[in-house]
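In what follows, a structure is listed as structure tokens, so that the remarks can point back to it.
Everything numeric in this text was worked out from a predicted model, so none of it was measured. Computed from heavy atoms alone, side chains included, the values below leave out hydrogens, waters and symmetry copies.
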Amino acid sequence: MALPADKDWWRQAAIYQIYPRSFKDSNGDGLGDVNGITSKAKYLKSLSLDAVWLSPFYPSPLADGGYDVADYRNVDPRLGTLEDFDAMVKALHKENIRVFVDIVPNHSSDQHAWFQEALASKPGSKARERYIFRDGKGKDGELPPNDWVSHFAPSAWTRSTNPDGTPGQWYLHLFAPEQPDFNWDNREVQLDFIKTLRFWSDRGVDGFRIDVAHALKKDMSKLNKSYPKIDSFGITLKGNDILFDRDEVHEIYREWRKVFNEYNPPRVAVAEAYIQAPRRVLYARPDELGQAFNFDLLGAPYDARTYKRIVSENIELAKTEGSSSTWVLNNHDQVRQPTKLGLPKETKLNEWLLSDGKDAVLDKKLGLARAKAAALFTMALPGCVYIYQGEELGLFEVEDLKHQDLQDPIWSRNIVTKRESAFFKGYGKNVKGVAVVHVDKGRDGCRVPLPWTITGKSFGFGSGGSHLPQPRWFKDFAVEAQSGQKDSTLEIYRQALASRKKYQSTEDLMWEKTGDPQVLHFKRANGWHCIMNFDGDAYSLPKGEILVSSGKLSGNKVPKNTCVWVKTIA
Ligand code: GLC
């Protein structure tokens, strides 16, 4: 069933990210699946969402949680079938919830048929031209073509093996070796992705999240240039870096836009481009993807001035490019906010995780209060809000996952020798008796399967176990534990999302003077006020109806670490 043809529905939507393997398991194999999502359509409806975005559910060897795609136009048999997918879209559309899928165009899995064909083919062949193969350096090509590094350290090059077993050319991968980068100068690659976009659009998919959208085009004429450190956020505002944010990449998205516009309503898209705001918004232009994730609040310090600056800047930038801003506090790559905001300011998150949460004391009450307040604050802003599964339950990061349970390549690949580890003060001190030391715990702690019920082997996630172990404290955060409990995080989210839908109007806000640098107060059209007290004195509310509050009020005053929405007569 198609949804009404409102072409601007996404501009101020509430979109919920589902990490399919960890959402709901319908067949007891410990992995969340497509039918699991379908079975929770009513739950998603109870959150007043406009859409869900599904992280990859495609066939994948899971070298990077599914962001290593072996077949872009299919469903991983462990997660379901294409028929299950169609049934899910139908069930969600019935509840007026649209569906985004994740497109991973920078790289495929090394198990993708094209990469296997490339390995079996000769250097310079058509099959190799779909990826980025180069000869190695040194006498026998035994050294990588250059010093470029990958996000999942160390080298961005891996040597391939020829069909006869001898060492062959090297191929480029900005992520894990199991994720070879495509050659986006190749028309066949370009056309194949257009085929994928049409394939899912024809099945009723409403939108696409574009993975590492800023990395597709590389300047391979600069092979001799050193690139020893990878940090796309650190590149200049001029763009055109060797590996990131090159002007040519926009041609790809202009072509995609034409495809999106073949549909009614036009398909929408959001760019994941981890670069600075003024460059990031270029991906959101109306003749390109239309929207880009704004990650500026993800790692922002909990501070009113910083929040205000980020909000004003992003609203302005989005407007200049003809888009609306987005607001993101959590996703599957980030430490969950209640943990971030409950740790002492000076805590180094990575070190804390490597210590299994022993390095510093997490103030759970404070962290959750701040996370709820920050969530309400962003939900009141003009633009589109993205919510990550489990955020509505107030879940903390699972900081003490055992090493043997970790799945993220960031954990397994970021290793140094014991000797080198002297430079990484404090890292890896729990790792005993091994020749190497892990220097990054990775992202599994925010990907642990959701707790649905208070009891049961995996708290209602499924009838079997759970592919990442859930801690005991998850039961207190279960949907069952919170549903109908007036002040629970879940009910606050439900109330906020429902009010937001009701009062959302023009894409503007007006800041009100508060006289306290740690209190922000803004007004939307319709007399909808949002007041957030970060760390200031209790602040008097304007007269009106209280729509929702992230925490307890003292009389008509908002205490610190609290956000409140008030409706006044407009
Ligand atoms: C994006 C995804 C992340 C993945 C990476 C490589 O940043 O969000 O999870 O590891 O791309 O595809």
Side-chain angles (χ1 to χ4, degrees), residues 19-22 31-32 55-71 76 78-79 102 104-112 115 131-132 144 148-160 170-182 211-212 215 227-233 243-244 272 274 331-336 349-351 353-354 356 388 397-417 420-421 424 427-428 430-431 434-449 467-469:
Y19 193 75
R21 285 175 185 79
S22 300
L31 277 183
S55 278
F57 49 81
Y58 316 109
S60 164
L62 300 184
D64 180 20
Y67 283 90
D68 47 320
V69 180
D71 179 356
D76 189 320
R78 289 166 293 186
L79 269 62
D102 215 312
V104 189
N106 181 65
H107 44 265
S108 71
S109 156
D110 61 349
Q111 298 306 309
H112 190 286
F115 193 70
Y131 292 90
I132 305 176
W148 295 359
V149 286
S150 104
H151 280 288
F152 297 164
S155 174
W157 297 96
T158 291
R159 195 167 194 187
S160 64
W170 296 71
Y171 64 89
L172 184 77
H173 51 86
L174 292 188
F175 293 88
E178 296 88 349
Q179 295 168 293
D181 280 35
F182 279 117
D211 191 65
V212 278
Y227 204 121
K229 187 169 174 274
I230 201 158
D231 169 20
S232 60
F233 202 78
L243 298 179
F244 298 108
E272 187 221 21
Y274 193 68
N331 66 32
H332 67 295
D333 293 329
Q334 297 289 330
V335 172
R336 287 189 180 272
L349 276 177
N350 184 37
E351 284 187 24
L353 287 174
L354 283 166
D356 291 340
Y388 174 51
E397 186 82 0
V398 181
E399 80 278 20
D400 55 356
L401 285 170
K402 301 230 170 10
H403 295 167
Q404 69 265 23
D405 292 325
L406 298 174
Q407 303 171 4
D408 188 353
I410 289 192
W411 158 257
S412 52
R413 296 189 52 78
N414 278 288
I415 44 179
V416 295
T417 63
E420 287 166 325
S421 79
F424 293 87
Y427 288 9
N430 295 317
V431 187
V434 283
V436 292
V437 172
H438 293 266
V439 294
D440 198 322
K441 186 122 186 232
R443 303 160 293 180
D444 292 309
C446 67
R447 300 174 176 182
V448 175
H467 69 102
L468 279 168

Subject >> Tyr274 and Phe244, any side-chain heavy atoms less than 4.5 Å apart >> reply: no
Subject >> Backbone of Trp148 reached by a side-chain donor or acceptor of Lys229 within 3.5 Å >> reply: no
Original post:
Distance-only, no hydrogens or angles: does the Arg21 side chain make a donor-acceptor pair with backbone N or O of Gly32 under 3.5 Å?
Top reply: no
Original post:
Between Gln407 and Leu62, does a side-chain contact (heavy atoms from CB on, under 4.5 Å) hold up when you go through it step by step?
Top reply: CA-CA 9 Å; Gln407 303 171 4; Leu62 300 184; over 6 Å; no
Original post:
With a 4.5 Å heavy-atom cut-off, do Pro449 and Leu468 have their side chains touching?
Top reply: yes
Original post:
Do His173 and Tyr131 have a side chain donor and acceptor closer than 3.5 Å?
Top reply: no
Original post:
Which distance, rounded to the nearest 0.5 Å, do you find between the CD1 of Ile132 and the CG of Leu172?
Top reply: 5.0 Å
**OP:** Using ring pair (Phe, Tyr, Trp, His ring centres under 6.0 Å) as the criterion, list what pairs up with His112, not counting sequence neighbours.
**Re:** Tyr72, Trp114
Original post:
Atom NZ of Lys441 and atom NE2 of His403: how far apart are they, to the nearest 0.5 Å?
Top reply: 5.0 Å
**OP:** Using modelled atom types only, decide if a donor and an acceptor are shared between the side chain of Tyr388 and the backbone of Cys446 within a distance under 3.5 Å.
**Re:** yes
Original post:
Would you say the side chain of Val69 lies within less than 4.5 Å of the side chain of Ser109, judging by non-hydrogen atoms?
Top reply: no
Original post:
Among all residues two or more places apart in sequence or in another chain, which pass the side chain to side chain contact (heavy atoms under 4.5 Å, CB included) test with Ser155?
Top reply: Pro144, Trp157
Subject >> Shortest non-hydrogen contact from Asp181 toward Leu174 >> reply: OD1-N, 3.0 Å
Subject >> Basic-acidic side-chain contact under 4.0 Å: Asp444, Lys402 >> reply: no
Subject >> Residue list, side-chain hydrogen bond (donor to acceptor under 3.5 Å, both in side chains) with Asp76, at least two apart or on another chain >> reply: Arg78
Original post:
Given side chains that start at C-beta, do those of Asp408 and Leu406 come closer than 4.5 Å, heavy atoms only?
Top reply: no
**OP:** Decide yes or no on side-chain contact (heavy atoms from CB on, under 4.5 Å) for Asp333 and Arg447, but give the supporting numbers first.
**Re:** CA-CA 9 Å; Asp333 293 329; Arg447 300 174 176 182; 3.1 Å; yes
Subject >> Main-chain N/O of Asp68 paired with Ser60 side-chain donor or acceptor, under 3.5 Å >> reply: yes
Original post:
When rounded to the nearest 0.5 angstrom, what is the spacing between CD in Gln179 and OG in Ser108?
Top reply: 9.0 Å
Subject >> Approximate separation, where rounding is to 0.5 Å, of Asp405 CG and His467 NE2 >> reply: 11.0 Å
**OP:** Compare all side-chain heavy atoms of Val149 with those of Pro154 and state whether any distance is below 4.5 angstrom.
**Re:** no
Subject >> Minimum side-chain heavy-atom gap His332-Ser22 below 4.5 Å >> reply: no
Subject >> Test side-chain contact (heavy atoms from CB on, under 4.5 Å) applied to Tyr67 and Ser55, step by step >> reply: CA-CA 8 Å; Tyr67 283 90; Ser55 278; 3.1 Å; yes
**OP:** Would you check, one step at a time, whether the test side-chain contact (heavy atoms from CB on, under 4.5 Å) holds for Asp102 with Asp211?
**Re:** CA-CA 7 Å; Asp102 215 312; Asp211 191 65; 4.0 Å; yes
Original post:
In chain order, what residues pass the salt bridge (charged side-chain N to carboxylate O under 4.0 Å, His left out) check against Asp64, with sequence neighbours excluded?
Top reply: Arg443
Original post:
What do you reckon, are the aromatic ring centroids of His107 and Phe175 less than 6.0 Å apart?
Top reply: yes
**OP:** Could I get the full list of salt bridge (charged side-chain N to carboxylate O under 4.0 Å, His left out) partners for Asp110, not counting sequence neighbours?
**Re:** none
Original post:
Would you find a donor on one side and an acceptor on the other, under 3.5 Å apart, between the side chain of Asn106 and the backbone of Val212?
Top reply: no
Original post:
Do the ring planes of Trp411 and His438 sit parallel (below 30°), tilted (30 to 60°) or perpendicular (above 60°)?
Top reply: parallel
Original post:
Of all residues at least two apart in sequence or in a different chain, which pass the side chain to side chain contact (heavy atoms under 4.5 Å, CB included) check with Leu349?
Top reply: Val335, Lys340, Leu343
**OP:** Would you confirm whether Gln334, through its side chain, and Asn331, through its main-chain N or O, come within 3.5 Å as a donor-acceptor pair?
**Re:** no
Original post:
Centres of the Phe115 and Tyr171 rings: under 6.0 Å?
Top reply: yes
Subject >> Min side-chain heavy-atom separation Ile410-Phe152 under 4.5 Å >> reply: yes
